[in-house]
J.: 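I am attaching a structure below and will ask some questions about it afterwards.
All ligand and atom numbering here is 1-based and tracks the order in the structure. In this chain, residues are counted from 1 in sequence order.
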Amino acid sequence: MSLEQVVAAQPPADLEEWRRRLFMVEGTIVMSEDDWNTYWPYIDNVWSHRSTQKSKKGPFVTHYYDCRLKGRPPGTPVNQDPNKKKRKRTARERDLCEMKIKIIEATAPIRTFTIEKVKREIGVNGEEPAGEYHRHTLEESDRIKRNTVQRQALKLEKEIKRVQQKTYHKKASGLALQTVKRHSKPNDLKLFSSCFCPFAQRVWIALEVKGINYQYIEVDPYKKPANLLEINPRGLVPAIKHGDWGCYESTVLLEYLEDLGVGQPLLVQHPQVRANSRLWCDHINRHIVPTFYRYLQEQDPEKIPEHAEELRVEIDKLVNVADAVGPFFMGPYITLVDVSVAPWFLRLRRVLQPYRGWLPADVNSRLGMWIAALEASEAIKNTTSDDALYVDSYERYAENRPDTSQLANAINSGRGLP
Ligand SMILES: N[C@@H](CCC(=O)N[C@@H](CS)C(=O)NCC(=O)O)C(=O)O
């Protein structure tokens, strides 16, 4: 039986008896190859291999083992290889047990394993030689180290969990996919985007609101393809290329599209009203967006309500200065503030509700009406994928997996967002 088969199979019925035998090692134990493969991986945690000697006399080798509780012999160097995974280790008290065994492995005519204690001198006064018995129980050995079967089973479990983990999507779905298809033809204006990315969605919505023609190019910003790095050396989406010129940063790109002066404007003409819009876009970037991720990435259930409250407060500040009738920020039309906040408002229901129990706003509240209007906007619908895409794509954030993204790392280390 291979190790994989041993791990997959039910433990043998007489396992405990065999474990005790291979712990105590009374007399001589002879095992067939099959028995050895079946039982040894369940007890190898007790023993620590010291040396192997090949016999000159015949087809067998002798393996010497110390009880693991002997500790490492003095002078065993600690591995200095910086690439070797460091294990958390606590120095074990040394020489807790002096029991030693030898295993004679015969390789011909059939493979067998003969196990016995290493013979010791009887003390001068006839007392038991040191190392005749373990100075501890089998349970103590089990507490110190897991056996190979347990370690393999754990590894397998972790691997299964890893494979079952959801990850970000690399292709839009639903109405967003239809839009991607409509904008797949080469165009002078290219949007480098990722279907799950709210920053990219801002720019995508603006293009749709304005009715500007463009080519949509889906990229994986975590793989940092050359065509993205060429425009944005930081490798973040969104980025646009217009002719030979390229630029990035969602807020800068929104202003650029506005400056083109094509299609429906997102800013009104009045300088002070324009400044006000930019002021509230700044609030979205500096308060709503980071709070959203702090809340989503929080792993301590006790702190989740605090983050929910923090987000609610930051959203309320925006809602309180919005036009009283709306339904959008400044009235009946979508403007820059709507486009800047929409991707995160859409993700309240799609991401924060399933992962963090976010309570959606009352449909008749000012926020409820605003979100409903955003959801009903053609430009927004056309850039939004099916709900499952967001649930899957944000599991990494909700579990705060290591190295999820530059943004997630910035949140974890308290730095400003990228
Ligand atoms: N400040 C940037 C943020 C863009 C951003 O963080 N984009 C994410 C995708 S949602 C990204 O490209 N991540 C790649 C990475 O973390 O390496 C903007 O507003 O455009």
Side-chain angles (χ1 to χ4, degrees), residues 166-173 176 180 190-207 214 216-242 246-258 266 277-278 280-297 336-348 350-352 355 383-385 389-418:
K166 297 190 182 98
T167 190
Y168 59 95
H169 285 217
K170 293 161 191 87
K171 190 179 172 192
S173 62
V180 169
K190 296 175 180 15
L191 170 66
F192 292 83
S193 171
S194 304
C195 55
F196 56 83
C197 175
F199 300 95
Q201 195 180 7
R202 280 175 165 172
V203 182
W204 201 7
I205 295 170
L207 286 164
Y214 63 94
Y216 181 98
I217 299 172
E218 180 76 31
V219 288
D220 181 344
Y222 304 112
K223 298 263 163 68
K224 315 236 172 280
N227 59 357
L228 176 64
L229 285 172
E230 206 179 283
I231 311 167
N232 182 356
R234 288 154 62 198
L236 301 172
V237 287
I240 63 171
K241 200 160 180 194
H242 204 176
C247 196
Y248 51 93
E249 273 305 314
S250 59
T251 49
V252 176
L253 298 180
L254 289 179
E255 294 271 353
Y256 174 69
L257 295 180
E258 190 65 10
L266 291 172
S277 290
R278 291 184 175 121
W280 287 104
C281 286
D282 182 68
H283 173 76
I284 294 162
N285 290 329
R286 284 206 288 160
H287 300 289
I288 295 183
V289 172
T291 309
F292 179 99
Y293 291 99
R294 269 198 294 277
Y295 177 26
L296 179 59
Q297 287 172 234
L336 195 67
V337 171
D338 301 285
V339 173
S340 299
V341 81
W344 287 274
F345 276 2
L346 299 181
R347 285 159 179 74
L348 292 175
R350 291 166 176 80
V351 178
L352 288 185
Y355 285 121
T383 60
T384 303
S385 288
L389 178 142
Y390 302 100
V391 175
D392 295 350
S393 301
Y394 283 88
E395 194 184 77
R396 309 150 67 234
Y397 284 90
E399 291 180 356
N400 205 12
R401 286 185 210 145
D403 271 329
T404 283
S405 68
Q406 293 183 33
L407 186 148
N409 289 348
I411 292 287
N412 288 332
S413 61
R415 275 182 283 121
L417 300 196

J.: Decide yes or no on side chain to side chain donor-acceptor pair (under 3.5 Å) for T384 and Y390, but give the supporting numbers first.
T.: CA-CA 10 Å; T384 303; Y390 302 100; 4.6 Å; no
J.: Given that the side chain starts at C-beta and the backbone is N, CA, C, O, which of these parts of Y248 lies under 4.0 Å from ligand 1, counting heavy atoms, or is it both or neither?
T.: neither
J.: Is it true that E249 and R234 make a salt bridge, defined as a side-chain N closer than 4.0 Å to a carboxylate O?
T.: yes
J.: Looking only at protein heavy atoms, which one is nearest to atom 16 (O) of ligand 1, and how far off is it?
T.: Q406 N, 2.7 Å
J.: Who's the nearest protein heavy-atom neighbour of atom 9 (C) of ligand 1, and how far?
T.: C197 SG, 3.3 Å
J.: To which protein heavy atom is atom 11 (C) of ligand 1 closest, and what is the distance rounded to 0.1 Å?
T.: L236 CD2, 3.5 Å
J.: Measure the distances from the heavy atoms of V237 to every atom of ligand 1 and state whether one is below 4.0 angstrom.
T.: yes
J.: I'd like to check whether K224 has a polar contact with ligand 1, where a contact means an N/O of the residue lying under 3.5 Å from an N/O of the ligand.
T.: yes
J.: Ignoring hydrogens and geometry, is there a side-chain-to-backbone donor-acceptor pair from N412 to A408 under 3.5 Å?
T.: yes
J.: As a check for students: among S393, S250, S405, identify the option with a heavy atom nearest to atom 18 (C) of ligand 1.
T.: S250
J.: Looking only at protein heavy atoms, which one is nearest to atom 1 (N) of ligand 1, and what is the separation?
T.: P418 O, 2.7 Å
J.: Less than 3.5 Å apart, any donor N or O on the side chain of E399 or T404 sitting next to an acceptor on the other?
T.: no
J.: Quick one: does NZ or CZ of R396 land under 6.0 Å from the six-membered ring centre of Y222, within 45 degrees of the ring axis?
T.: yes
J.: Quick one: does S194 get within less than 4.0 Å of ligand 1, heavy atoms only?
T.: no
J.: Apply the test ring-ring contact (aromatic ring centres under 6.0 Å, His included) to residues F192 and Y248: give CA-CA distance (whole Å), side-chain angles for both, the deciding distance (0.1 Å), then the verdict.
T.: CA-CA 9 Å; F192 292 83; Y248 51 93; over 10 Å; no
